[in-house]
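Okay, so here's the structure we're looking at.
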Amino acid sequence: MRKLLLTTAMMSALVLTGCTKGCNKQQDGSAGSAPAASDEILVGEYGSMTGNEATFGISTSQGIKLAFEEINAQGGVKGKKLKLISLDDQGKPEEAASVVTKLITQNKVVAVIGEVASSRSLAAAPIAQQNKVPMISPSSTNPKVTEVGDYIFRICFIDPFQGTVMAKFARENRKYSKVAIMRDVKSDYSVGLADFFKKKFTELGGEIVAEQTYVANDIDFKAQLTSIKSKKPEAIFVPGYYTEVGLIARQVRALGIVDAKGNKTVLMGGDGWDSSKLYEIGKDAIKGGFFSNHYTTDSEDPRAKTFIEAFKKAYKSTSAPDGLAALGYDAARVLVDAMNRSPSLSPADIRDALATVKDFPGVTGTITMDANRNPTKSAVVVEVVGDSNKFVTTINP
Ligand code: PHE
């Protein structure tokens, strides 16, 4: 029965990612337990390929695969071809720890790319650290992730910055003075980002008029939103992931939440909103919402434009890749840059080379690792205008 379930999950992941033979997709460690062939470099990836945040894992994986295919077509790394082993953690922290253990102990990968969600990166990072295998999170923004140890890296900015970006945007750009917060108390990302936003927004003279909570998989938010409604906030900051945010937006509109002047209360959030599913779930209710992100598909940057074209071609897609795909692509290319500069392909040497990544030209910005293995990068604010997002402004560190 268990085997059967795995197989179904495997098949749906294959269909969703558009993977055919060349994808090196592997959901089950068994076939990959053998050590790497001498002409291959095994790299592991773990992510939510299924579940409430499936687009996070699928998009990231597509970005990584595109980078690996391009690099392999140019001859690979040190004469060897890159091979990706992707495992699905179903969006669960316990599963993330278990698949990363498998990647390291059975597949013997030289490095691991993942996760997107901070809580899942935090569950798996201690395993990579103990086994001294470098882990690169493309997109986990909670500060604690890289604090796990010197083998843990990230490619994105961190939430003290992201919270500041949205607080400044709310206060200075939109001139809001009364904002409510709705956070997912089980998510390290949501809790952290809510706190960083609150600190900066109040420092700037704004007032947090209500603070409410939920947990992932909730579907009814009416009690919390009714309490928020009585405070008539100009905006509600919801630093969550797209599935719950979409549902919250619909209930905000259904309850007719408005500010003291009778204007519709605006929704705001962070990078966790970045999914094509946000609009599918939230429909018109999410239109006019603002969120911070790592890159914009409206970019005039030649590196971003080249990436967007290559992605659309590779996946026969009419819509532009999301930020996760761009960060996955950057994570894979930063790893390869480190491998090329490293004296050997041992995990320890790759780690040392990752620690010295400098001025790397990424699609999501220029990447230089600081002493704590966090890059300093700009953020963009975008507005949801339908099934696409419109660039509003760039905020530099
Ligand atoms: N930053 C989020 C986290 O740390 C993950 C995320 C990144 C989601 C980018 C969407 C886009 O949990």
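Because only heavy atoms are used, hydrogens play no part in the values below, and waters and symmetry mates are left out as well, while side chains stay in. Nothing here was measured: the structure is a model prediction, and the numbers come from that model. Whatever order the structure lists them in is the order used to number ligands and atoms, beginning at 1.
- Of all protein heavy atoms, the one closest to atom 12 (O) of ligand 1 is Tyr241 OH, 2.5 Å.
- Distances from ligand 1 to the non-hydrogen atoms of Gly323 include no value under 4.0 Å.
- No N or O atom of Asp274 sits closer than 3.5 Å to an N or O atom of ligand 1.
- For ligand 1, the polar-atom distance check finds no N/O of Tyr189 at less than 3.5 Å from any of the ligand's N/O atoms.
- Of the protein's non-hydrogen atoms, the one nearest atom 5 (C) of ligand 1 is Val116 O, 3.3 Å.
- The nearest protein atom to atom 4 (O) of ligand 1, hydrogens excluded, is given as Ser118 OG, 2.5 Å; this is a heavy-atom distance.
- Distances between N or O atoms of Asp271 and those of ligand 1 include at least one value under 3.5 Å.
- For ligand 1, the atoms sitting less than 4.0 Å from at least one non-hydrogen atom of Ser140 are 4 (O), numbered in the order shown with element in parentheses.
- One side chain, Lys65 or Ser61, offers a donor N or O that lies under 3.5 Å from an acceptor on the other.
- Salt bridge absent: Arg120 and Glu95 never bring a charged side-chain N and a carboxylate O closer than 4.0 Å.
- Listed by atom number, the atoms of ligand 1 under 4.0 Å from Leu324 heavy atoms are 9 (C), 10 (C), 11 (C).
- Ring pair Tyr241/Phe56: centre-to-centre distance below 6.0 Å.
- Within a 6.0 Å radius of NZ in Lys168, other residues, nucleotides and ligands contribute 12 heavy atoms or fewer.
- Numbered from 1 in the order shown, with element, the atoms of ligand 1 that lie under 4.0 Å from a heavy atom of His294 read 9 (C).
- Within 6.0 Å of NZ in Lys390 there are 12 or fewer heavy atoms belonging to other residues, nucleotides or ligands.
- Near Ser139, with a cut-off below 4.0 Å to any heavy atom, the atoms of ligand 1 are 1 (N), 2 (C), 4 (O), 5 (C), 6 (C), 7 (C), 9 (C).
- Contact check on Arg333 versus Asp337 returns no salt bridge, with no Lys/Arg side-chain nitrogen under 4.0 Å from an Asp/Glu carboxylate oxygen.
- In this structure, Tyr176 has its ring center at least 6.0 angstrom away from the ring center of Phe201.
- Classification of the Phe157-His294 ring pair by plane angle, with boundaries at 30° and 60°, yields parallel.
- Less than 4.0 angstrom separates some heavy atom of Ala117 from each of these atoms of ligand 1: 12 (O).
- Side-chain atoms of Thr60 and Glu45 include no donor-acceptor pair closer than 3.5 Å.
- Of all protein heavy atoms, the one closest to atom 8 (C) of ligand 1 is Phe56 CZ, 3.5 Å.
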